[in-house]
Trainee: 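Quick one: structure below, then a few questions.
Along the sequence shown, the residues carry numbers beginning at 1.
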Amino acid sequence: MSFLDYFISALFLQAGYNSALVAIGAGLLGLAGGGAGAFIFLRKRALVSDAISHATLPGVGIAFMLMVALGGDGRWLPGLIIGSAISSGIGLLMVEWITRQTRLTEDAAIGAVLSVFFGLGIVLLTIIQTMSSGRQAGLENFLLGSTAGMLISEATTIAIAGALATAFVFMLRRPMTLVAFDPEYAATTGINVRHIDLAMMGLALIVTVIGLKIVGLILIVALLIIPPVTARFWTNQVGPMIGIAAAIGGLSGYVGAVLSAAVTSLPTGPIIVLVAFGFFVISALFSPLRGGLASALRHWRFQRRVHRRQGLLALARREPIYDGFTLRILRHSGMIRRDGVATLRGKTASQKAARDEARWATARRILPDDSAIERYDGLTPIEDMMTQDQIDEIDRVIAEQTGAPA
């Protein structure tokens with residue numbers, strides 16, 4: 001079977017029960033990661049999720065040792081998840097305590113907790129590799145994630161936990177949105193801001209610990225941050241942003257798991273992150289709101305408007321035009337002939353531009369406090385920003401100054 005055939009089969013969950021369950025679990029993980037990450041991103045606490053993810057490693061090591069001491073092989077996934085959750089929870093509380101009780105800033109506290117916990121985890125993993133009992137092989141995969149050899153029970157655990165995390169994101173979306181944007185106002189409405197902050201971090205913790213097996217603790221931060229950053233390119237509204245972030249996270253997890261299943265040599269976690277980055281690149285380039293191409297097009301159109309207006313003002317004042325771009329714009333719009341002489345259309349447009357310029361100059365003098373003066377961009381016609389009564393008054397003042405009939 002070719003790669004394309006296997007990819008299509010895996011995409012439609014026809015490549016085996018285990019592959020289908022892993023894809024669904026990765027999709028639900030991405031859905032929860034994108035939704036929870038949106039609130040962390042809006043709250044400007046993205047680095048906290050990095051501390052949470054690195055703080056899971058000691059918990060994995062200690063949980064493994066305890067399960068081996070109790071007679072197991074140490075690889076029971078729920079036990080490892082519980083250990084990593086306790087460890088990362090302690091790390092989260094330490095970051096909050098250091099920030100509240102000392103003069104250290106949050107980023108300094110995050111750096112301290114992240115490095116200490118990760119260093120402790122590496123030490124524990126090294127000790128585990130020297131143990132004579134237990135099934136240590138593959139434990140280091142929690143660093144970068146791996147679905148190779150994943151048991152159906154493990155995939156089921158991840159899928160259920162991902163669904164629960166998604167449900168929690170949906171239930172807590174309103175208070176978390178309010179706290180993310182205006183914590184002071186949220187406090188006046190009776191919302192406990194500290195508890196909601198902890199709930200946000202708790203959701204990040206849940207996504208982190210259930211994503212260890214698939215994405216790994218080093219890359220799980222990307223699944224929390226890349227989807228909301230990507231969604232920000234498409235909307236300015238909170239609700240749609242959360243939905244888009246969740247959708248991008250879900251698609252990244254699902255498609256990444258499918259690609260990993262189609263090519264067995266590809267690691268699942270890095271592929272999921274690369275798929276998410278692919279969505280980011282597409283959004284950064286092609287989003288109509290903030291995409292690079294759209295921004296470049298808007299800048300080009302603005303330049304055309306500026307050069308066109310300056311060219312028309314030069315025609316009205318009978319000034320020579322030397323700028324090649326301005327000349328091309330005027331020629332292409334039928335304002336001047338090839339020899340630079342204004343056409344009838346150009347004369348009419350230049351007279352209107354000069355009249356508009358004189359009106360704005362007078363408006364700035366007689367109506368200095370009008371909101372339209374502050375919003376004027378130097379290009380918009382006065383008819384689009386002021387009422388007819390205001391324009392009539394401006395024309396009357398101009399007529400008095402020039403002695404011309406109003």
Trainee: Measure the spacing between NE2 of H299 and CZ of R304 and express it to the nearest 0.5 Å.
Mentor: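 That separation rounds to 13.5 Å.
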Trainee: Do the side chain of T126 and the main chain of I122 share a donor and acceptor less than 3.5 angstrom apart?
Mentor: yes
Trainee: Is it true that D356 and R309 make a salt bridge, defined as a side-chain N closer than 4.0 Å to a carboxylate O?
Mentor: yes
Trainee: Hey, are Q310 and D323 close enough side-chain-wise for a donor-acceptor pair under 3.5 Å?
Mentor: no
Trainee: Kindly indicate whether the side chain of I336, heavy atoms from C-beta on, has any atom under 4.5 Å from the side chain of V341.
Mentor: no
Trainee: Is there a side-chain contact between R365 and V397, using heavy atoms and a 4.5 Å cut-off?
Mentor: yes
Trainee: Could you pull out the closest heavy-atom pair between V113 and M94, with the gap in Å?
Mentor: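 Taking V113 first and M94 second, the nearest heavy atoms are CG2-CB, 4.1 Å.
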Trainee: Measure the shortest side-chain to side-chain distance between K352 and P381 over non-hydrogen atoms and say whether it is less than 4.5 angstrom.
Mentor: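 In short, these two side chains touch, coming nearer than 4.5 Å.
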Trainee: With a 4.5 Å limit on heavy-atom distance, are the side chains of I242 and F39 in contact?
Mentor: yes
Trainee: Show me the donor-acceptor pairs within less than 3.5 Å that the side chains of residues 54-72 make with the rest of the protein, sequence neighbours left out.
Mentor:
| residue | atom | partner | partner atom | Å |
| --- | --- | --- | --- | --- |
| H54 | ND1 | D50 | O | 3.0 |
| H54 | ND1 | D50 | OD1 | 3.2 |
| T56 | OG1 | S53 | O | 2.6 |

Trainee: If you measure from CG on L203 to CG on L198, what distance do you get to the nearest 0.5 Å?
Mentor: 11.5 Å
Trainee: Measuring from atom CD1 of I321 to atom OG1 of T326, what distance do you get when rounded to the nearest 0.5 angstrom?
Mentor: 7.0 Å
Trainee: Run the numbers on M201 and V95 for side chain to side chain contact (heavy atoms under 4.5 Å, CB included), then give the verdict.
Mentor: CA-CA 11 Å; M201 295 303 106; V95 169; over 6 Å; no
Trainee: Using a 4.5 Å cut-off on heavy atoms from C-beta on, say whether the side chain of L42 contacts that of M176.
Mentor: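 They are not in contact (no side-chain heavy atoms under 4.5 Å apart), so the answer is no.
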Trainee: Roughly how far, to the nearest 0.5 Å, is CG of L205 from CD1 of I86?
Mentor: 10.5 Å
Trainee: Can you run down the ring-ring contact (aromatic ring centres under 6.0 Å, His included) pairs that involve residues 75-109, sequence neighbours left out, and say none if there aren't any?
Mentor: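 The answer is none; no pair qualifies.
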Trainee: For V221 and T208, what are the C-alpha separation, side-chain angles and deciding distance, and is it a side chain to side chain contact (heavy atoms under 4.5 Å, CB included)?
Mentor: CA-CA 8 Å; V221 179; T208 299; over 6 Å; no
Trainee: Whether the T387 and D389 side chains hold a donor-acceptor pair (N or O, under 3.5 Å, no angle test) is what I'd like checked.
Mentor: no
Trainee: Applying side chain to side chain contact (heavy atoms under 4.5 Å, CB included), run through T105 and T99 and close with a yes or a no.
Mentor: CA-CA 6 Å; T105 58; T99 305; over 6 Å; no
Trainee: Can you name the side-chain hydrogen bond (donor to acceptor under 3.5 Å, both in side chains) partners of S333, sequence neighbours left out?
Mentor: none
Trainee: Could you list all the side chain to side chain donor-acceptor pair (under 3.5 Å) pairs where at least one residue sits in residues 336-345, not counting sequence neighbours?
Mentor: R337-D339
Trainee: For I98, is there any backbone N or O sitting under 3.5 Å from a side-chain donor or acceptor partner on T102?
Mentor: yes
Trainee: Would you call T380 and R305 a side-chain contact if the rule is heavy atoms closer than 4.5 Å?
Mentor: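 A side-chain contact under 4.5 Å exists here.
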Trainee: Could you tell me which non-hydrogen atom of I272 sits nearest to which non-hydrogen atom of A26, and how far apart they are?
Mentor: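 Nearest heavy atoms, I272 then A26: CD1-CB, 4.2 Å.
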Trainee: For residues 277-296, run the donor-acceptor check on the side chains, cut-off 3.5 Å, and write out each pair with its distance to 0.1 Å, sequence neighbours left out.
Mentor:
| residue | atom | partner | partner atom | Å |
| --- | --- | --- | --- | --- |
| S283 | OG | W234 | NE1 | 2.7 |
| S283 | OG | F279 | O | 2.9 |
| S287 | OG | F233 | O | 2.4 |
| S287 | OG | L289 | N | 3.3 |
| S287 | OG | R290 | N | 3.4 |
| R290 | NH1 | R232 | O | 2.9 |
| R290 | NH1 | N236 | OD1 | 3.0 |
| R290 | NH2 | N236 | OD1 | 2.6 |
| S295 | OG | G291 | O | 2.9 |
| S295 | OG | R298 | NH2 | 3.3 |

Trainee: Tell me, please, which residues at least two apart from R308 pass salt bridge (Lys or Arg N to Asp or Glu O under 4.0 Å).
Mentor: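 In terms of salt bridge (Lys or Arg N to Asp or Glu O under 4.0 Å), with neighbours along the sequence ignored, R308 is linked to no residue.
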Trainee: With sequence neighbours left out, which residue pairs that include part of residues 31-49 fulfil the side chain to side chain donor-acceptor pair (under 3.5 Å) condition?
Mentor: R43-D197, R45-E106
Trainee: Can you give me the closest heavy-atom contact between A245 and A231, atom names plus distance?
Mentor: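 Minimum heavy-atom separation between A245 and A231: N-CB, 3.6 Å.
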Trainee: Given side chains that start at C-beta, do those of F302 and L379 come closer than 4.5 Å, heavy atoms only?
Mentor: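 Result yes, sub-4.5 Å side-chain heavy-atom pair found.
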Trainee: Search all heavy atoms of G211 against all heavy atoms of L29 and return the closest pair with its distance.
Mentor: CA-CD2, 3.6 Å
Trainee: Would you please name every residue forming a salt bridge (Lys or Arg N to Asp or Glu O under 4.0 Å) with R100, sequence neighbours left out?
Mentor: E96
Trainee: Show the nearest heavy-atom pair for residues I394 and A363, with the distance to one decimal.
Mentor: CD1-CB, 3.6 Å
Trainee: Walk me through it: do E393 and R359 pass the test salt bridge (Lys or Arg N to Asp or Glu O under 4.0 Å)?
Mentor: CA-CA 10 Å; E393 176 63 19; R359 283 173 167 176; over 6 Å; no
Trainee: Quick test of your reading: applying salt bridge (charged side-chain N to carboxylate O under 4.0 Å, His left out), list the pairs with at least one residue in residues 172-189, sequence neighbours left out, ordered by first then second residue.
Mentor: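 Matches after skipping sequence neighbours: none remain.
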Trainee: How far does CE of M386 sit from OG of S371, to the nearest 0.5 angstrom?
Mentor: 8.0 Å
Trainee: What pairs of residues pass the ring-ring contact (aromatic ring centres under 6.0 Å, His included) test when at least one of them lies in residues 309-363, not counting sequence neighbours?
Mentor: H307-F325, W360-Y376
Trainee: Which pairs pass ring-ring contact (aromatic ring centres under 6.0 Å, His included) with one or both residues in residues 160-185, sequence neighbours excluded?
Mentor: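 Qualifying pairs, neighbours excluded: none.
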Trainee: Compare every heavy atom of S350 with every heavy atom of L315, then report the nearest pair and how far apart it is.
Mentor: CB-CB, 3.9 Å
Trainee: Any heavy-atom pair between the side chains of V207 and L223 that's under 4.5 Å?
Mentor: no
Trainee: Sequence neighbours left out, what passes side-chain hydrogen bond (donor to acceptor under 3.5 Å, both in side chains) with Q388? Give chain and number order.
Mentor: D392
Trainee: Just how far is it from atom OG of S87 to atom CG of L92, taken to the nearest 0.5 Å?
Mentor: 11.5 Å
